[in-house]
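Provided herewith is a single structure, encoded as structure tokens, for subsequent inquiry.
To find a chain, count down the sequence lines: A is the first, B the second, and so on, and within it residues start at 1. What you see is a predicted model, and the numbers here were worked out from it, not measured in a lab.
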Amino acid sequence: MKPSIPKGTRDFLLEAAAKRNYIFDTLKKVFEQYAFLPVETPAMEKLETLTGKYGEEGDRLIFKILARGEKLSKALEVGNETKLAEEALRYDLTVPFARMVVQYQNEITFPFKRYQIQPVWRADRPQKGRYREFYQCDVDMIGSKSLLNEIELVQIIDEGFKNLGLGDVTIKLNNRKLLLGIVQELGIENQFIDFTVVLDKLDKVGKDGVLKELSEKGISLADDKVNLLFKESGFDLQAIKALIGQNQIGNEGLNEVNFVFDAVKAFGISNLELDITLARGLNYYTGCIFEVVHNEFNSSICGGGRYDDLTGIFGLKDVSGVGISFGADRIFDLMEAKGLFPKNLTQSAKILFANFGEKEMLASLKIANQLRAQNIPCEVYPDAVKMKKQFKYAEDRKIPYLGLIGEDEMSNATITVKNLATGEQTSSTLDELLHMLNQ
RNA sequence: GUGAUUGUAGCUCAGCUGGUUAGAGCGCUGGUUUGUGGCACCAGAGGUCGCGGGUUCGAAUCCCGUCUUUCACCCCA
């Protein structure tokens with residue numbers, strides 16, 4: 001059998017793993033700058049914890065874990081589908097986080113801020129930028145309704161992407177309350193989800209495409225409202241204001257968006273865009289919603305929003321939360337395509353000591369240990385094989401220097417050091433070597 | 001879930017309308033060079049042509065199924 005991995009998953013070899021860690025580390029630094037601390041939750045949750053939180057489509061994509069042993073045979077026997085799988089792999093990090101907050105509510109100080117970098121699984125069909133296993137980097141805050149949180153999250157998004165070299169992203173902002181107000185004024189409140197999902201496609205399929213899809217879902221709109229709602233491929237904020245008029249929830253949403261928008265702009269973040277067509281599919285969002293896109297990548301690389309009732313589902317009422325999720329794998333692909341990763345992420349040792357035999361090997365190890373004590377990563381080649389092979393190893397691992405300690409060097413306490421890039425070779429004492437490698 | 005698409009050596013690929021020993025480049029191993037690599041030259045190893053079935057005297061090549069790859073839709077990080 002040819003070795004391979006399940007579809008929609010991928011291996012991260014040395015260099016790829018280093019690159020991905022670079023993304024994690026960069027984001028972590030920003031998260032911690034805003035006083036978020038890490039938590040972790042198990043890869044699997046009880047199925048009932050997950051179902052019903054992501055909408056119909058989302059539920060379908062949950063990876064269920066088949067029951068085993070007696071439980072399985074019993075479930076098959078009785079034909080009880082719900083007993084076939086009682087556990088599932090987590091679909092995102094937000095719902096498990098909400099579960100965690102409710103479960104440990106007496107041990108937690110609110111507002112509770114955490115970040116979480118872990119993989120999630122979706123039983124989707126893989127395609128560009130879409131995997132069945134991928135890492136999310138979530139920052140969430142539960143237990144405060146203040147819009148300060150929204151403002152800070154936008155700042156985190158902005159700083160995070162800038163630090164990754166992706167300062168040219170667009171941060172989109174919208175508010176579900178505003179959308180709800182619009183839907184109320186259109187008289188189609190009971191088709192809120194259907195409407196917003198279709199509206200989200202405006203820039204992709206245009207006005208006619210949206211109208212067509214709406215009518216396919218049994219939603220028809222009066223012409224005058226359509227004209228207020230959107231133009232060919234965008235929308236007109238003044239017209240939207242006219243559309244929602246005195247609608248209470250709509251104006252609430254509008255005020256929230258404006259507050260966040262103005263504050264963030266005042267802090268010099270210019271790539272923020274109000275987009276009333278932004279919907280976001282996850283059902284639990286209730287207030288501000290965010291999404292980050294890049295013009296060289298066709299799907300969003302970060303998304304999030306406020307959820308007023310998520311903990312309520314688990315029994316903790318009136319606790320609002322808000323958070324965002326960076327899609328590490330999409331960011332990885334985008335950065336790879338743009339060549340944004342720093343070089344030498346995989347440089348392991350600064351110097352490799354060649355192996356000429358047992359005596360020489362031990363002499364080299366003694367030097368290596370002294371370098372290590374000075375925080376200089378280094379290694380001794382483990383086998384006394386031919387030089388060609390040892391050189392190649394150093395080259396493949398991007399080790400810049402080769403140290404040679406043979407009989408001559410041992411007897412006069414020196415180390416022959418060869419710069420592998422230039423071919424330059426010097427005879428140094430240990431102190432000279434330390435000095436050179438510390439630069 | 002729907003519709004396309006791909007699969008030949010470790011990697012990237014060639015192999016014309018079916019014809020007998022399936023090729024190249026890179027990589028790998030050994031040698032020219034038993035403590036001095038990158039270059040060059042020489043030699044060598046490595047493939048049930050994704051898998052299963054069918055058509056045929058004969059299949060990498062045609063047909064069916066299946067898995068896999070990639071892409072779009074749905075939906076999403």
How would you label the contact of A:Arg60 with the nucleic acid (heavy atoms, under 4.0 Å): base, sugar-phosphate, or nothing?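 The residue A:Arg60 makes no contact with any strand.
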
Whole-angstrom distance between B:rG52 and B:rG38, as gauged at atom P: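 Here B:rG52 and B:rG38 have their P atoms 43 Å from each other.
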
N/O donor to acceptor pairs below 3.5 angstrom from side-chain atoms of residues 354-361 of chain A, sequence neighbours left out:
{"residue": "A:Asn355", "atom": "OD1", "partner": "A:Gly357", "partner atom": "N", "Å": "2.9"}
{"residue": "A:Asn355", "atom": "ND2", "partner": "A:Tyr381", "partner atom": "O", "Å": "2.8"}
{"residue": "A:Asn355", "atom": "ND2", "partner": "A:Pro382", "partner atom": "O", "Å": "3.3"}

In whole angstrom, give me the gap between the C1' atoms of B:rC57 and B:rC51.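 That atom pair is separated by 26 Å.
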
Separation of the C1' atoms in B:rG46 and B:rC11, to the nearest angstrom: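 Straight-line distance between the two C1' atoms is 13 Å.
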
With a sphere of 6.0 Å drawn around CE of A:Met436, does it hold more than 12 non-hydrogen atoms of other residues, nucleotides or ligands?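 Counting other residues, nucleotides and ligands, CE of A:Met436 exceeds 12 neighbours.
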
Partners of A:Gln136 by side chain to side chain contact (heavy atoms under 4.5 Å, CB included), sequence neighbours excluded?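 A:Gln136 satisfies side chain to side chain contact (heavy atoms under 4.5 Å, CB included) with A:Asp92, A:Leu93, A:Val120, A:Arg122, A:Phe134, A:Asp138, A:Ser325 only.
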
List, one per line, each side-chain donor-acceptor pair under 3.5 Å for residues 286-307 of chain A, sequence neighbours excluded.
{"residue": "A:Thr286", "atom": "OG1", "partner": "A:Arg306", "partner atom": "O", "Å": "3.4"}
{"residue": "A:Thr286", "atom": "OG1", "partner": "A:Asp308", "partner atom": "N", "Å": "2.9"}
{"residue": "A:Thr286", "atom": "OG1", "partner": "A:Asp308", "partner atom": "OD2", "Å": "3.2"}
{"residue": "A:Glu291", "atom": "OE1", "partner": "A:Arg280", "partner atom": "NH1", "Å": "2.8"}
{"residue": "A:His294", "atom": "ND1", "partner": "A:Glu296", "partner atom": "N", "Å": "3.0"}
{"residue": "A:His294", "atom": "NE2", "partner": "A:Asp168", "partner atom": "OD1", "Å": "3.1"}
{"residue": "A:His294", "atom": "NE2", "partner": "A:Asp168", "partner atom": "OD2", "Å": "3.0"}
{"residue": "A:Glu296", "atom": "OE2", "partner": "A:Lys338", "partner atom": "NZ", "Å": "3.0"}
{"residue": "A:Arg306", "atom": "NE", "partner": "A:Glu150", "partner atom": "OE2", "Å": "2.6"}
{"residue": "A:Arg306", "atom": "NH1", "partner": "A:Ser144", "partner atom": "O", "Å": "3.0"}
{"residue": "A:Arg306", "atom": "NH1", "partner": "A:Ser320", "partner atom": "OG", "Å": "2.7"}
{"residue": "A:Arg306", "atom": "NH2", "partner": "A:Ser144", "partner atom": "O", "Å": "3.3"}
{"residue": "A:Arg306", "atom": "NH2", "partner": "A:Ser146", "partner atom": "O", "Å": "3.3"}
{"residue": "A:Arg306", "atom": "NH2", "partner": "A:Glu150", "partner atom": "OE1", "Å": "3.1"}
{"residue": "A:Arg306", "atom": "NH2", "partner": "A:Glu150", "partner atom": "OE2", "Å": "3.4"}
{"residue": "A:Tyr307", "atom": "OH", "partner": "A:Asp140", "partner atom": "OD2", "Å": "2.4"}

Quick test of your reading: applying salt bridge (Lys or Arg N to Asp or Glu O under 4.0 Å), list the pairs with at least one residue in residues 39-57 of chain A, sequence neighbours left out, ordered by first then second residue.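 Checked against salt bridge (Lys or Arg N to Asp or Glu O under 4.0 Å) - neighbours excluded - the pairs reaching residues 39-57 of chain A are A:Glu45-A:Arg99, A:Glu56-A:Arg60, A:Glu57-A:Arg60.
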
Can you name the residues that form a salt bridge (Lys or Arg N to Asp or Glu O under 4.0 Å) with A:Glu213, not counting sequence neighbours?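 For A:Glu213, the residues satisfying salt bridge (Lys or Arg N to Asp or Glu O under 4.0 Å) (neighbours in sequence not counted) are A:Lys201.
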
Identify every side-chain donor-acceptor pair in residues 24-36 of chain A under 3.5 Å, counting partners at least two apart or on other chains, and give the distances.
{"residue": "A:Thr26", "atom": "OG1", "partner": "A:Tyr22", "partner atom": "O", "Å": "2.6"}
{"residue": "A:Glu32", "atom": "OE2", "partner": "A:Tyr115", "partner atom": "OH", "Å": "2.5"}
{"residue": "A:Tyr34", "atom": "OH", "partner": "A:Glu159", "partner atom": "OE2", "Å": "2.6"}

Show the numbers, then the answer: is there a salt bridge (Lys or Arg N to Asp or Glu O under 4.0 Å) between A:Arg68 and A:Glu87? CA-CA 11 Å; A:Arg68 293 135 319 251; A:Glu87 292 154 349; 3.5 Å; yes

Between C1' of B:rA77 and OH of A:Tyr91, the distance in whole Å: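 Atom OH in A:Tyr91 sits about 10 Å away from atom C1' in B:rA77.
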
When every nucleotide of nucleotides 35-44 of chain B is labelled 5' to 3' by its protein contacts under 4.0 Å (heavy atoms), B for base, S for sugar-phosphate only, - for none, what sequence of letters results? BBBB------

Among residues 286-307 of chain A, which contact RNA chain B at a heavy-atom distance under 4.0 Å?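 Heavy-atom cutoff 4.0 Å gives A:Asn298, A:Ser300, A:Ile301, A:Cys302, A:Gly303.
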
Please enumerate all residues that pass side chain to side chain donor-acceptor pair (under 3.5 Å) together with A:Thr196, with sequence neighbours excluded.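 Side chain to side chain donor-acceptor pair (under 3.5 Å) list for A:Thr196, sorted by chain: empty.
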
Is there a salt bridge (Lys or Arg N to Asp or Glu O under 4.0 Å) between A:Arg10 and A:Asp329? Walk through the geometry before answering. CA-CA 10 Å; A:Arg10 34 187 200 166; A:Asp329 294 77; 3.2 Å; yes

With P as the reference atom in both, quote the distance from B:rG15 to B:rA24 in angstrom, rounded to an integer.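 Between the two P atoms, the distance is 15 Å.
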
Please list, in numerical order, the residues of residues 127-140 of chain A that have a heavy atom closer than 4.0 Å to any atom of RNA chain B.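 Residues of residues 127-140 of chain A that come under 4.0 Å of RNA chain B are, in numerical order, A:Gln127, A:Lys128, A:Gly129, A:Arg130, A:Tyr131, A:Phe134, A:Gln136.
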
Please walk me through it: do A:Tyr135 and A:Phe12 pass ring-ring contact (aromatic ring centres under 6.0 Å, His included)? CA-CA 12 Å; A:Tyr135 270 78; A:Phe12 287 83; 7.7 Å; no

Would you kindly give the CD-to-P distance between A:Glu213 and B:rC75, to the nearest whole Å?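 Rounded to the whole Å, the gap is 7 Å.
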
Is the base of B:rC76 touched by the side chain of A:Arg330 through a donor-acceptor pair closer than 3.5 angstrom?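 Check passes, donor-acceptor contact within cut-off.
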
Distance, rounded to the nearest Å, where A:Lys7 contributes NZ and B:rU6 contributes P: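 Spelled out: NZ on A:Lys7 to P on B:rU6 is 17 Å.
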
Counting only pairs under 3.5 Å, give me each side-chain donor-acceptor contact of residues 396-404 of chain A, with atom names and distances, residues two or more places apart or in other chains.
{"residue": "A:Asp396", "atom": "OD1", "partner": "A:Lys392", "partner atom": "NZ", "Å": "3.3"}
{"residue": "A:Asp396", "atom": "OD2", "partner": "A:Lys392", "partner atom": "NZ", "Å": "3.2"}
{"residue": "A:Arg397", "atom": "NH1", "partner": "A:Glu379", "partner atom": "OE2", "Å": "3.4"}
{"residue": "A:Arg397", "atom": "NH1", "partner": "A:Tyr393", "partner atom": "OH", "Å": "2.6"}
{"residue": "A:Arg397", "atom": "NH2", "partner": "A:Ser348", "partner atom": "OG", "Å": "3.3"}
{"residue": "A:Lys398", "atom": "NZ", "partner": "A:Thr346", "partner atom": "OG1", "Å": "3.3"}

With rounding to whole Å, what would you report as the distance between B:rU5 and B:rC42 at their C1' atoms?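 Per the computed distance, 43 Å lies between those C1' atoms.
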
To the nearest 0.5 Å, what is the distance between CG (A:Asn163) and CG (A:Asp158)?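 Output value for this atom pair is 9.0 Å.
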
Name all stems that contain residues of RNA chain B, defined as runs of 3 or more consecutive Watson-Crick or G-U wobble pairs, both distances under 3.5 Å.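 As far as RNA chain B goes, consecutive pairing (with distances under 3.5 Å) yields the stems B:1-4 with B:70-73, B:10-13 with B:23-26, B:28-32 with B:40-44, B:50-54 with B:62-66.
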
Taking the nucleotide of RNA chain B with the closest heavy atom to each, which residue, A:Lys204 or A:Ser325, is nearer the 5' end?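 Looking at the nearest nucleotide for each, A:Lys204 comes out on the 5' side.
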
Could you state the atom-to-atom distance from CG of A:Leu61 to C1' of B:rC74 in whole Å?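 Checked: the CG to C1' distance equals 10 Å.
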
Length of the line joining A:Gln118:CD and B:rA77:C1', which is rounded to integer Å: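 Answer to the nearest Å: 15 Å.
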
When the distance from CG of A:Asp329 to C1' of B:rC76 is rounded to whole Å, what number comes out?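 Between C1' of B:rC76 and CG of A:Asp329: 13 Å.
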
Taking CZ from A:Arg20 and P from B:rA77, how many angstroms apart are they, rounded to a whole number?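 Taking atom P of B:rA77 as the reference, CZ of A:Arg20 is at 18 Å.
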
What's the shortest heavy-atom distance between A:Asp59 and A:Gly52, and which atoms?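 That would be OD2-N, 2.9 Å.
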
Report the distance from atom CH2 of A:Trp121 to atom C1' of B:rC76, rounded to the nearest whole Å.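 The answer, rounded to whole Å, is 17 Å.
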
